[in-house]
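Okay, structure first, notes after.
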Amino acid sequence: MNDALKIGILFSTTGPYGSMGRDARAGAEFAIEEFAAGGGRPIEPVFVDPHADIAAYLEGAKHMLRNTGCRHIIGTITSAARKEVIPLVEKHDGLLWYMCPYEGFEANENVIYVGGCPNQHLLPLFEHLIPRFGKRPYLVGANYVWGWEMNRLARELITNAGGEVLGERYLPLEETAVERIVADIENRRPSFILNNLIGPSSYAFLEAIKTLGDRDPTFRPENCPVVSCDLMECELEDIAAGAAVGQLCAASYFDTIGTSDNLAFKARLAKHYGADRRVSSVFAGAYTAVKLCIEAILAAGSDEPQAVRRQLHAASWPTLLGPLAIDPETNHAALPFHLGRINSENGFDVIASRPALAADPYLTGRRVLKSPKLRVVS
C-alpha cells in the first residue's frame, strides 16, 4: 500500500466559531505531520474551509467523497453542520469522524464519535454543581440544535432532581446583545448559569456577567458560576481580559492535565509551535481523530469503512485522551470527564475528574442525577 491515503479535513476557520475551527484544523495537521515524519504510507489531506456556511459544508463533503477519493472526513464543529453532511457520507459509505462535544441522541453507522455526549459532560457536571450551588439554574443557549437539546436535557435533569429552572433564553449564533438576558438573571438570582451559547454570543455574555458580578457579589463565579460544555482554551483570548476567570467548563481534555502522555505530547508540540502553544480540547480531539483514523486504516489494511470499524471495535486505542474504546453499538468513544476553572493565564485549572465513561448517547442507563462520585483534585 504505497499509494497516498487521502483524508478529508472539513473545518470552518472563520465565522462565529472560527477559533475552534482553526484549532481543530491545526490539531489535524499536526497529527498528519507527526505520522509523515515517521515514514510509512504517505497521507494526502484534502482541506475544505466552508467559512461557517452550511451549504458549503455539503459542497465540501461532496467534493471530498466524489472527486478526490476520500472515504474518511475529519470534521465539522457544529451539530447543524454534522447533520447536514451525514446523509451524503451515508450515501457514499464513508466515515465522518466527529470530535466535538454534542447533545447526544444520535448513533450513526457512518460516524465515529470522538467527542463527548451528555452522559460524559452534562450529567457529571450537574452532579458536581447541584450539591455545591443548588438546583435553581438559569439556561442560556445558541438558537439551534446544540442550545435547544442541551437546555432540554438540563431542564429534565433539574426537574428530576426536584429543582426549578428559573429562566431559559436563546440568541442567534452571532448576536451579542445580551443585556436583557443578564438583567433577567439579575432579577431571578439563580444558583448557577448553564451557558450553551457559542462564539461571540458566549464571549459577550461572560463579559456582561463579569460586570454584573463586579456590581453584585452574588454573581461572582464562586457564588453563581457560569458553566459550559463547549468553551475551549483557543477561545479565551477572544474574551475581554479577566472577564471569564473563575468560570467553569466540562471537557474530556484540558491543556493542564498532568499525565505523562500529555506532558510528552506537549513537549513534541513545543518543538513545532513553541513552548507557549496551548492545546485546546478541540485541537486534542482533531489530533486524536486523525491518529485513530490512520492507525485503524493501517491495521485494517484498507480504508474501507466496514473494515476500519471492525478494527476500531476490536481494541482499546492509546490516545492523547487516554485509552479509548469505541462502542460497536453506538460508534462512540468512552471518554474521561474533567472539570476546569478558567484561570488568569487563559487556561483551565482542573478541579475535578472522572475516569473514562462509556458513552450512553440516548441516556438509556440513567435519567436521574445520582450522588456525585467525582474525584476532586483541588
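Atom set for the values below is all heavy atoms of this structure, side chains included, hydrogens, waters and symmetry mates excluded.
For the atom pair CZ (Arg341) and CD (Glu222), the distance works out to 9.0 Å, reported to the nearest 0.5 Å. In this structure, the separation between CH2 on Trp97 and OG1 on Thr288 is 11.0 Å, given to the nearest 0.5 Å.
Under the 4.5 Å side-chain heavy-atom criterion for ILVMFWY residues, no single connected hydrophobic cluster contains both Leu236 and Val245. Leu212 and Leu166 fall into different hydrophobic clusters, defined by Ile, Leu, Val, Met, Phe, Trp and Tyr side-chain heavy atoms under 4.5 Å apart, directly or through other members.
Scanning all heavy atoms of the two residues, the minimum distance from Tyr102 to Pro361 falls at OH-CB, 3.8 Å. Contact between Ser281 and Glu233 at its shortest, heavy atoms only, is N-OE1, 3.5 Å. Closest non-hydrogen pair, Gly60 versus Val48, comes out as CA-CG1, 3.7 Å. Across all their heavy atoms, Thr76 and Met99 have their closest contact at O-SD, 4.2 Å.
Between Arg309 and Glu109 there is a salt bridge, with a side-chain nitrogen of the basic residue lying less than 4.0 Å from a carboxylate oxygen of the acidic one. Using a cut-off of 4.0 Å between Lys/Arg side-chain N and Asp/Glu carboxylate O, Arg180 and Asp184 are scored as not salt-bridged. Using a 4.0 Å cut-off between charged nitrogen and carboxylate oxygen, Asp303 and Lys6 do not count as a salt-bridge pair. Using a cutoff of 4.0 Å between basic side-chain nitrogens and carboxylate oxygens, Asp23 and Arg277 are scored as salt-bridged.
Checked against Ile185 for a side chain to side chain contact (heavy atoms under 4.5 Å, CB included), the options Val178, Ile193, Val226 give a single hit: Ile193. A side-chain hydrogen bond (donor to acceptor under 3.5 Å, both in side chains) with Ser202 is found for one member of Asn195, Asn196, Asp238 and no other, namely Asn195.
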Could you walk me through whether Ser12 and Tyr57 pass the side chain to side chain donor-acceptor pair (under 3.5 Å) test, one step at a time?
CA-CA 9 Å; Ser12 292; Tyr57 276 100; 2.8 Å; yes
Please walk me through it: do Leu320 and Asn262 pass side chain to side chain contact (heavy atoms under 4.5 Å, CB included)?
CA-CA 6 Å; Leu320 181 60; Asn262 191 46; 3.5 Å; yes
For Thr218 and Asp216, what are the C-alpha separation, side-chain angles and deciding distance, and is it a side chain to side chain donor-acceptor pair (under 3.5 Å)?
CA-CA 5 Å; Thr218 300; Asp216 183 346; 3.0 Å; yes
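Counting only distance, with no hydrogens or angles, the side chain of Asp49 and the backbone of Thr13 share a donor-acceptor pair below 3.5 Å. Between the Asp360 side chain and the Asn119 main chain, no donor and acceptor come within less than 3.5 Å of each other.
Aromatic pair Phe192/Phe133: ring centres not closer than 6.0 Å.
For the pair Ile158/Phe126, a side-chain contact is recorded, criterion being any heavy-atom separation below 4.5 Å from C-beta on.
For the 3.5 Å distance criterion, the side chains of Tyr113 and Glu106 qualify, holding a donor opposite an acceptor.
For the pair Arg25 and Phe47, the distance from NZ or CZ to the six-membered ring centre is under 6.0 Å and the angle to the ring normal is within 45 degrees.
A tilted orientation is assigned to the rings of Phe283 and Phe30, their planes being inclined by 30° to 60°.
Environment of CD in Glu345: sparse, with no more than 12 heavy atoms of neighbouring residues, nucleotides or ligands closer than 6.0 Å.
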